[in-house]
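Below: one structure, written as structure tokens.
Chain letters run A, B, ... following the sequence lines, proteins first, then strands; residues in each count from 1.
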Amino acid sequence: MSINTDQLDYLAKLSMLLLNETQKKHLHADLNDILQLVESLKNINTTDVEPVLNPLDATLTLRDDKVTEENNREFYQETASLSDNGLYLVPKVIE
Amino acid sequence: MFNQSIHSLALKLADKEFSSVELTNYFLKRIKAYDNTLNSFISVNETLALSQAKAADLLIKQGNYHPLTGIPIAYKDNFCTQGIKTSCGSKMLKNFIAPYTATTINKLNQAGMVMLGKTNMDEFAMGSSNETSYYGAVKNPWNLKKVPGGSSGGSAAAVAAQLTPCAIGSDTGGSIRQPAAFCGLTGLKPTYGRVSRFGMVAFASSLDQAGPMAQSAQDVALLLQTMSGYDANDATSINLPVPDYLQNLENNIKGKRIGLAKEFFDTHLNDDIAKQVLQFANTLKGLGAELIDISLPNMHQAIPCYYIIAPAECSSNLARFDGIRFGYRDENATTLEAHYKQTRAEGFGTEVKRRILVGTYVLSAGYFDAYYLKAQKVRRLIKQDFENAFKTVDVILGPTTPTTAFDLNLKNQLQSDKYLADIYTTAINLAGLPALSLPVGQIDGLPVGAQLIGKLFDEASILNIAHIYQKESQHHLLTPTLFNE
């Protein structure tokens, strides 16, 4: 299985990655090489085999629906490059 | 202070042969002298380290200390450390100051360990040579033209060159064990869920584990004892008691059943490595263990399986890096979409982009069943192979890597060939099992590692066997002459 350049463009769009033409050329070749590596899985019989979602087949631990954390918005927002009054700032989205 | 195990350093601290401040200064001096050559550290925290050392000395003076109190350590730079840069070897986080500390590091801090700094790594833990780091490649202390392995290459090089007596790494497909093998160290990947992942920046959430890297199995056991345990902040942390790894170290290995899987000794494996690994097995037989031939029929599907699952999970985990709440931000974007695309294009390196794109593909509509779901089913088969094998053996033994450390800057290599470096390590992550790599020889001055794989939560058995072997052998005591005192 290999992908064409249109498919690569679509993947770049889904991944929110801007790629220039040189990068696209190299990544296209790399991706097809990697897809070739993983092709062999198709030949393995997995009829009635349960997929592994967690390596220990563990299920999610639940806890009581109680508030246990404090509001530290100002402290945790210090890592943002642009914020104002509790809001994260982004380029304008509404005209 | 040179080439001492943690165990030995702890005894000397207790005897007041030297203080933790003196010990810390010793390693800080060595870092200053040698790390320009190796590039194993991203950041060194001299002031913090010395204040932690002072506090440790006070605890030791008061007689109120832990076996790890006052011992210096380095942490791979994908562990969050409050108030200290946590870069994951990436431009994306080059200015990220973590607002909290990873549970694993908190536990070691509470034991009184002294943090020397954060070590270099392949970007976001993706790589097997420490060449994808934004901060440049790390060199192997045994031969500066060779890679130290990856992604915990900085941690491995720093311990091997004795810039720190021990370090913590992370392992998703071999990233503790492979650099441990390339650098002549003992490194352990615990059972999935044994050690908390809270505060360890996620690469592949169903595969990642934190683990210790040090000179010996005894040192690794000491660190693992403190690192392990349930953490309510990690939804995948397992609530099971932690055994006394140190007490079990000295157990007689007579009658221990050690499996040798033929799939590990395939055409990819260098002949000399095969000889040394089998010699290791025979030494264990001489110490009373029983060698049993086994098979892991689906082991060769581990690489294709891993290179679907790991990129898939990474593409999801790395979606959070969008320049809004933390990390690098493209300042010139005029639309939100351009902001995301440009920030991520500029912040991530090529290997990370490669894996995000592969991951996005295998999870996308129309391809999910054929790739990701299929890989999860093959993962079940790989897991079952190990479960079946462990019905007749206690531990499985094999090589860690197909070759010794390879050259830096290898040109014109296919991605698929690079990924084959992980051929003997990835199956273990897929099955969630614990595994340890230890040095068992050398070829042309480069260390050779062998792997011991245990049943789920049976780190005790693999540590025990490694320790008994290390009482008889000297390979783990060798240090690269370039960095000797």
Inset, instruction - Evaluate whether atom NZ of A:K25 has more than 12 neighbouring non-hydrogen atoms of other residues, nucleotides or ligands under 6.0 angstrom away. - result: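 No, the 6.0 Å shell around NZ holds no more than 12 heavy atoms from other groups.
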Legend entry - Heavy atoms from other residues, nucleotides or ligands near CD of B:Q413 exceed 12 (cutoff 6.0 Å):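 Correct, the count exceeds 12.
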Counting only non-hydrogen atoms closer than 4.5 Å, does [X] touch chain A with its backbone (N, CA, C, O), its side chain (CB onward), both, or neither?
{"X": "B:S315", "value": "neither"}
{"X": "B:Y367", "value": "side chain"}
{"X": "B:L430", "value": "backbone"}
{"X": "B:L336", "value": "both"}
{"X": "B:T191", "value": "side chain"}
{"X": "B:Y419", "value": "side chain"}
{"X": "B:F457", "value": "side chain"}
{"X": "B:F348", "value": "side chain"}
{"X": "B:A235", "value": "both"}
{"X": "B:F96", "value": "side chain"}
{"X": "B:A98", "value": "neither"}

Legend entry - Non-neighbouring partners of B:T335 that pass side chain to side chain contact (heavy atoms under 4.5 Å, CB included), sequence neighbours left out: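 By the side chain to side chain contact (heavy atoms under 4.5 Å, CB included) rule, B:T335 matches B:E337, B:A338.
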Legend entry - Top contributor to chain A interface from B:P304, B:A345, B:A319 [non-hydrogen pairs under 4.5 Å]: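 Result: the option with the highest number of such pairs is B:P304.
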Inset, instruction - Flag the one option from B:N298, B:V362, B:L381 with the top tally of heavy-atom pairs under 4.5 Å to chain A. - result: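 Looking at each option in turn, the highest pair count goes to B:L381.
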For [X] and [Y], work out which heavy atoms get closest and say how close.
{"X": "A:S40", "Y": "B:Q301", "answer": "OG-OE1, 3.2 Å"}
{"X": "A:Y76", "Y": "B:P99", "answer": "CD2-CB, 3.8 Å"}
{"X": "A:D33", "Y": "B:Q415", "answer": "OD2-N, 3.1 Å"}
{"X": "B:K383", "Y": "A:P55", "answer": "NZ-O, 2.8 Å"}
{"X": "B:R325", "Y": "A:T79", "answer": "O-OG1, 2.9 Å"}
{"X": "B:G323", "Y": "A:S81", "answer": "O-OG, 3.9 Å"}

Please state whether the side chain, the backbone, both or neither of [X] comes within less than 4.5 Å of a heavy atom of chain B.
{"X": "A:L60", "value": "side chain"}
{"X": "A:E78", "value": "neither"}
{"X": "A:I3", "value": "side chain"}

Look up atom [atom1] in [X] and atom [atom2] in [Y], then write down how far apart they are to the nearest 0.5 Å.
{"X": "A:I34", "Y": "B:L414", "atom1": "CD1", "atom2": "CG", "answer": "10.0 Å"}
{"X": "B:Y307", "Y": "A:L37", "atom1": "OH", "atom2": "CG", "answer": "8.5 Å"}
{"X": "A:T46", "Y": "B:L373", "atom1": "OG1", "atom2": "CG", "answer": "8.0 Å"}
{"X": "B:R194", "Y": "A:L56", "atom1": "CZ", "atom2": "CG", "answer": "10.5 Å"}
{"X": "B:L357", "Y": "A:Q7", "atom1": "CG", "atom2": "CD", "answer": "12.5 Å"}
{"X": "B:Y100", "Y": "A:F75", "atom1": "OH", "atom2": "CZ", "answer": "11.5 Å"}

Inset, instruction - State which residues pass ring pair (Phe, Tyr, Trp, His ring centres under 6.0 Å) with B:Y371; sequence neighbours excluded, sorted by chain then number. - result: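 So B:Y371 forms a ring pair (Phe, Tyr, Trp, His ring centres under 6.0 Å) with B:Y361.
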Looking at chain B, which one of [options] has the largest number of heavy-atom pairs inside 4.5 Å, strictly under?
{"options": "A:K92, A:R63, A:Q77, A:K42", "result": "A:K42"}
{"options": "A:N72, A:N20, A:L35, A:L89", "result": "A:L35"}
{"options": "A:A58, A:A80, A:S83, A:P51", "result": "A:P51"}

Inset, instruction - Write out, in numerical order, the residues from residues 8-19 of chain A with a heavy atom short of 4.5 Å from a heavy atom in chain B. - result: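 Answer by number: A:L8, A:L11, A:A12, A:K13, A:L14, A:S15, A:M16, A:L17, A:L18, A:L19.
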Legend entry - side chain to side chain donor-acceptor pair (under 3.5 Å) partners of residues 52-62 of chain A, not counting sequence neighbours, each pair once: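 Residue pairs passing side chain to side chain donor-acceptor pair (under 3.5 Å), neighbours aside: A:D57-B:R380.
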Legend entry - Any side-chain donor near an acceptor of the partner, B:S416 and A:Q36, under 3.5 Å: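 Side-chain D/A pair, B:S416 to A:Q36: absent.
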Inset, instruction - Spell out, as yes or no, whether a donor-acceptor pair under 3.5 Å connects the side chain of B:K353 to the backbone of A:L27. - result: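 Judged by distance alone, no pair lies under 3.5 Å.
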Legend entry - Among B:R379, B:Q384, B:K377, the one residue meeting side-chain contact (heavy atoms from CB on, under 4.5 Å) with A:V52: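 By the side-chain contact (heavy atoms from CB on, under 4.5 Å) criterion, A:V52 pairs with just one of B:R379, B:Q384, B:K377: B:R379.
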Inset, instruction - Output, in order, the C-alpha distance, side-chain angles, deciding distance and verdict of side-chain contact (heavy atoms from CB on, under 4.5 Å) for A:V90 and B:H339. - result: CA-CA 8 Å; A:V90 300; B:H339 161 88; 5.8 Å; no
